[in-house]
Amino acid sequence: MSEEISQKNAELMKKIVSLCKSRGFIFQSAEIYGGLNGCWDYGPLGAELKRNLKEVWWRRNVQERDDIVGMDGSILTHQDVLKASGHVGGFSDPMCDCLLSKARLRADQIDPQSGTVYSYTGASHEESGWSVDKPYSVLLQEGQDANKAKKTARQYYSQFLTDKQISPKKLELAGQETEEVEGVTNFNPENGSLLTEPREFNLMFKTQMGASADENDESAVAYLRPETAQSIFVQFKNVLDTNRMKLPFGIAQIGKSFRNEINPRNFTFRSREFEQMEIEYFCHPDQGMELTDEWLENRLCFYEDIGIPREHLHILDVPDGERAHYSKKTYDIEYEFPFGIQELEGVAYRTDYDLKKHNECSGKSLEYFDDQTKEKFIAHVVEPSAGCDRTVLALICEAFEEETITNEKGKEEVRTVMRFDPKIAPIKAAVLPLLKNKPELVEKAREVQKALQPFMNVFYDEAAAIGRRYRRQDEVGTPYCITIDFETLGEEEGKEDLKDTVTVRERDSMEQSRMPISELLPFLLEKTH
RNA sequence: GCGGGUAUAGCUUAGUGGUAAAGCUCCAGCCUUCCAAGCUGGCUACGCGGGUUCGAUUCCCGCUACCCGCUCCA
């Protein structure tokens, strides 16, 4: 990405974040207390938008399908569940930092190295009297010049210099010692510099169950779930038995999950608390690969359905070695955010890994018996796992547009419009009396509002000129504005036949049409459902 | 976690060692017969905590948050 485009996208993102705040989509969590790192709250319109997304997802995946049922598991999770799944113990990354370049590396991904370690105890600068005592080492591969160790060490020590005018070359190194080593991983392969000790980053939120639980009571430990999936696996048998399900079938769940991300970034994109929309689709082992491809296609259609065109999505076929250890096949569905192409959803073939683990660890049989074939086996599972907040953000980014239009006076102006698909738009229709100082118009408009309100989120507005009110609605993505005027009242001479009709103004085209009030509800239901 | 940047009203910005200006928005009123009209009036801000100072929004230190890069994202 060129510098210019990246600059432009940063500005675009700023505008989106700003609009999200000013129009009540997304606020920073605990803002009046200075904010909570990586946490965000949805305001009135954001809550509607997110609710609509979740409703469409649930409708498409549960309500309209015979083979998927829903559930809603607890967020607090038994520690044994996450021990079995491998999250306790496995869900942390040892990290270390290069003392010289400050690069961060995964300690477990550093190739073992051999060579000569040059160690120093400190450095000094005679002329200025400056000195520092800090142990530091450099690893040199066989055949490298010993001077490289000195050069690297001087560079390292020079970062402590208060007088930046002093050249690293003028530093005197102290206490040089050398040692031959083999298979060590505490040096940066890039430059030979010593790394910090590996630090564990535990990515799970741990808590204590019971108001009087002791902090050191191991048995009281519980976790906030790092994914909704585990509660589905753990309840697999119950759902199977109580709902007479037959393979293949799925269990869907929408809910919050928590991960102690090292570095929350990009607005709501990477948050420590986030909502997932997950399906665990159980099947015969022979069907796994095929179903993974089918689900990928199904999910792409879903995004198209809610207004994210396929051209803005990217499919990443996650290569061997980069997939989770339990996965035989994984597709990432990525979206072109202004801040880069980032993952919205993972469609992963998790094999029988999870059910097998829970089968073993709980001692309860989670096997499936097929009456037809008399076969007994652990079901395999395909998991389409979507990030709800990420999708909301994608919807906002996709919808945002600043349109340049020429007004009646021939002057160019910018119209900010959120082109949400009507299905997910927070407000479906705005009801507007043409003038607010004419009680008959206001009364009629209130009637229309009340008639629509039980069926959808409508908004009544009588403040300011009609044009301004249209633009306000554009900015929050309301697909239709309904205006009650004098013709609606049937008092216009020669236009008595327009009694009880209203102007329907369409957001994207700004075009207006005349419609009887009686047709409004079916029209809007069809367009916004 | 490291490096860099930023923090003034709901939003976007101005400005100053003597507590602050504007545009837009918003609210009230008048007016207004279809795309951010006009007039009058109004609310609202120097992120938090220290220090220096007679006095700090301004200078210094710390913290927090956000943005960018690195890193990370099982």
Side-chain angles (χ1 to χ4, degrees), chain A residues 3 6-7 9-11 13-15 17-24 27-40 43 85-93 95-106 108-109 159 196 199 201-204 226-227 259-267 269-272 274 322-327 332 339-340 342-343 346 348 387 405 407-409 411 413-416 432-438 441 463-475 481 483-489 491-492 502-505 507 510-512:
Chain A
E3 190 94 340
S6 131
Q7 179 72 29
N9 283 335
E11 277 165 28
M13 203 55 215
K14 266 187 193 164
K15 280 181 185 170
V17 172
S18 170
L19 182 131
C20 279
K21 184 179 179 185
S22 64
R23 304 316 304 253
F27 306 124
Q28 180 161 33
S29 189
E31 193 190 74
I32 61 170
Y33 287 102
L36 184 60
N37 182 259
C39 291
W40 305 88
S85 69
H87 287 90
V88 175
F91 196 41
S92 67
D93 300 321
M95 310 281 297
C96 43
D97 298 313
C98 173
L99 288 168
L100 185 66
S101 69
K102 309 297 177 195
R104 168 161 290 180
L105 303 160
R106 280 273 290 274
D108 56 345
Q109 288 179 355
Q159 66 185 314
T196 58
R199 287 186 45 185
F201 286 82
N202 196 336
L203 302 183
M204 278 206 293
E227 60 178 15
R259 294 179 197 178
N260 248 326
E261 297 291 352
I262 295 164
N263 196 353
R265 271 292 164 89
N266 290 330
F267 199 27
F269 183 82
R270 178 165 302 126
S271 302
R272 293 193 165 124
F274 57 98
E322 284 179 35
R323 288 192 300 271
H325 58 92
Y326 50 72
S327 176
D332 285 349
F339 46 80
Q342 299 276 351
E343 182 183 349
I405 55 175
N407 67 16
E408 287 167 343
K409 294 161 199 151
K411 217 175 110 188
E413 57 180 19
V414 174
R415 181 172 82 117
T416 302
L432 318 166
L434 187 58
L435 297 173
K436 76 165 168 180
N437 58 358
K438 299 284 184 288
L441 290 177
I466 190 71
R468 174 183 291 273
R469 280 177 279 162
Y470 285 153
R471 297 301 174 82
R472 271 185 198 153
Q473 293 306 315
D474 289 341
E475 213 171 299
C481 288
T483 302
I484 283 74
D485 56 23
F486 293 96
E487 290 157 6
T488 310
L489 302 175
E491 290 169 359
E492 292 286 281
V502 292
T503 302
V504 176
R505 182 258 194 191
R507 177 194 65 201
M510 300 198 289
E511 275 167 16
Q512 304 181 0

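Lettering of chains follows the sequences in order, A, B, ..., and the numbering in each one begins at 1. Model, not experiment: these values are computed from the prediction.
Between B:U25 and B:C48, the distance separating the two P atoms is 28 Å to the nearest Å. Spacing between B:C39 and B:G23 at atom P, rounded to whole Å, works out to 11 Å. Taking the C1' atoms as reference points, B:G18 lies 15 Å from B:C59, given to the whole Å. Comparing the same atom, P, in B:C11 and in B:G47 gives a spacing of 13 Å after rounding to whole Å. Between the C1' atoms of B:A22 and B:C54, the separation comes to 32 Å (whole Å). Remark: the separation of the C1' atoms in B:C26 and B:A9 is 11 Å, to the nearest Å. Nucleotides B:C63 and B:U13 are separated by 27 Å at their C1' atoms, to the nearest Å. Straight-line distance between the C1' atoms of B:A14 and B:G55: roughly 24 Å, to the nearest whole Å.
Separating the CZ atom of A:F267 from the C1' atom of B:U6 is a distance of 17 Å, rounded to the nearest angstrom. If you take CG of A:N9 and P of B:G69, they are 11 Å apart, rounded to a whole angstrom. Atoms NE2 (A:H87) and C1' (B:C73) sit 13 Å apart, rounded to a whole Å. Taking atom CD of A:E492 as the reference point, atom P of B:C34 lies 11 Å away to the nearest angstrom. A straight line from CZ of A:R471 to P of B:A36 spans 5 Å, rounded to a whole angstrom. B:A36 atom C1' lies 9 Å from atom CD of A:E475, rounded to whole Å. B:C34 atom P lies 18 Å from atom CG of A:D474, rounded to whole Å. As rounded to whole Å, 9 Å separates atom P of B:A74 from atom CG of A:L203.
Taking only side-chain atoms of A:E227, from C-beta outward, the nucleotide of B:U33, B:C34, B:A74 with the closest atom is B:A74. Listed nucleotides B:C35, B:C68, B:A36 differ in distance to A:R265; the shortest reach to its side chain belongs to B:C68. With B:C70, B:A74, B:C34 as the candidates, the nucleotide lying closest to the side chain of A:R259 is B:A74.
Going from atom CG of A:D474 over to atom OG1 of A:T416 covers 9.0 Å, rounded to the nearest 0.5 Å.
Residue contacts for A:G38: at a heavy-atom cut-off of 4.0 Å it reaches the sugar-phosphate backbone alone, with no base atom in range. Note on A:Q512: a base of the nucleic acid sits closer than 4.0 angstrom, heavy atoms only. Contacts of A:R505 with the nucleic acid, taken as non-hydrogen atoms under 4.0 Å apart, include base atoms.
Put simply, the side chain of A:R259 gets close to the backbone of A:P226: a donor and an acceptor are under 3.5 Å apart. In this structure, the side chain of A:R469 engages the main chain of A:P433 through a donor-acceptor pair within 3.5 Å. No donor-acceptor distance shorter than 3.5 angstrom exists from the side chain of A:S18 to the backbone of A:K14, with no hydrogens or angles considered. One N or O on the side chain of A:R272 and one on the backbone of A:E261 form a donor-acceptor pair closer than 3.5 Å.
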What does nucleotides 7-14 of chain B look like as a protein-contact string, B for base, S for sugar-phosphate only, - for none, at under 4.0 angstrom between heavy atoms? ---SSS--
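When each of A:T503 and A:I32 is assigned the nucleotide of RNA chain B with its nearest heavy atom, A:T503 is the one assigned upstream, toward the 5' end. Nearest-nucleotide assignment on RNA chain B puts the 5′-proximal partner with A:E511, out of A:R323 and A:E511.
Contact check for A:P264 versus A:N37: side-chain heavy atoms found under the 4.5 Å cut-off. Between A:M204 and A:V88 there is a side-chain heavy-atom pair separated by less than 4.5 Å. Side-chain contact check for A:I405 versus A:M510: some heavy-atom pair is nearer than 4.5 Å. You'll find the side chain of A:N9 stays beyond 4.5 Å of the side chain of A:F339, heavy atoms only. Annotation: side chain of A:K21 is in contact with side chain of A:E31 (closest heavy-atom distance under 4.5 Å).
The partner of B:A56, taking Watson-Crick or G-U wobble pairs whose two distances both stay under 3.5 Å, does not exist in any strand shown. The partner of B:A21 is B:U13, judged by Watson-Crick or G-U wobble contacts that both fall below 3.5 Å. Under the Watson-Crick or G-U wobble criterion, with both distances below 3.5 Å, B:G3 is paired with B:C68. Judged by Watson-Crick or G-U wobble contacts below 3.5 Å, the nucleotide B:C39 has B:G29 as its partner.
OP1 and OP2 of B:C70 both lie 4.0 Å or more from every side-chain N or O belonging to A:N263. For A:Q28, a side-chain nitrogen or oxygen approaches OP1 or OP2 of B:C66 to under 4.0 Å. Side-chain nitrogen and oxygen atoms of A:N37 include at least one within less than 4.0 Å of the OP1 or OP2 phosphate oxygen of B:C66.
Remark: the A:Q473 side chain and the B:A36 base include no donor-acceptor N/O pair separated by less than 3.5 Å. You'll find a donor-acceptor pair under 3.5 Å spanning the side chain of A:Y470 and the base of B:C34, going by distance alone. Not a single donor-acceptor contact under 3.5 angstrom links the side-chain atoms of A:E261 to the base of B:C72.
Of all heavy-atom pairs between A:W40 and A:Q28, the closest is CE3-CA, 3.6 Å. Nearest approach of A:T488 to A:T483, heavy atoms of both residues: OG1-O, 4.4 Å.
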Tabulate atom names and distances for all N/O pairs under 3.5 angstrom spanning the protein and nucleotides 25-32 of chain B.
unit_1, atom_1, unit_2, atom_2, d
B:U25, OP1, A:R468, NH1, 2.5
B:U25, OP1, A:R468, NH2, 2.7
B:C26, OP1, A:R472, NE, 2.5
B:C26, OP1, A:R472, NH2, 2.7
B:C26, OP2, A:R468, NH1, 3.3

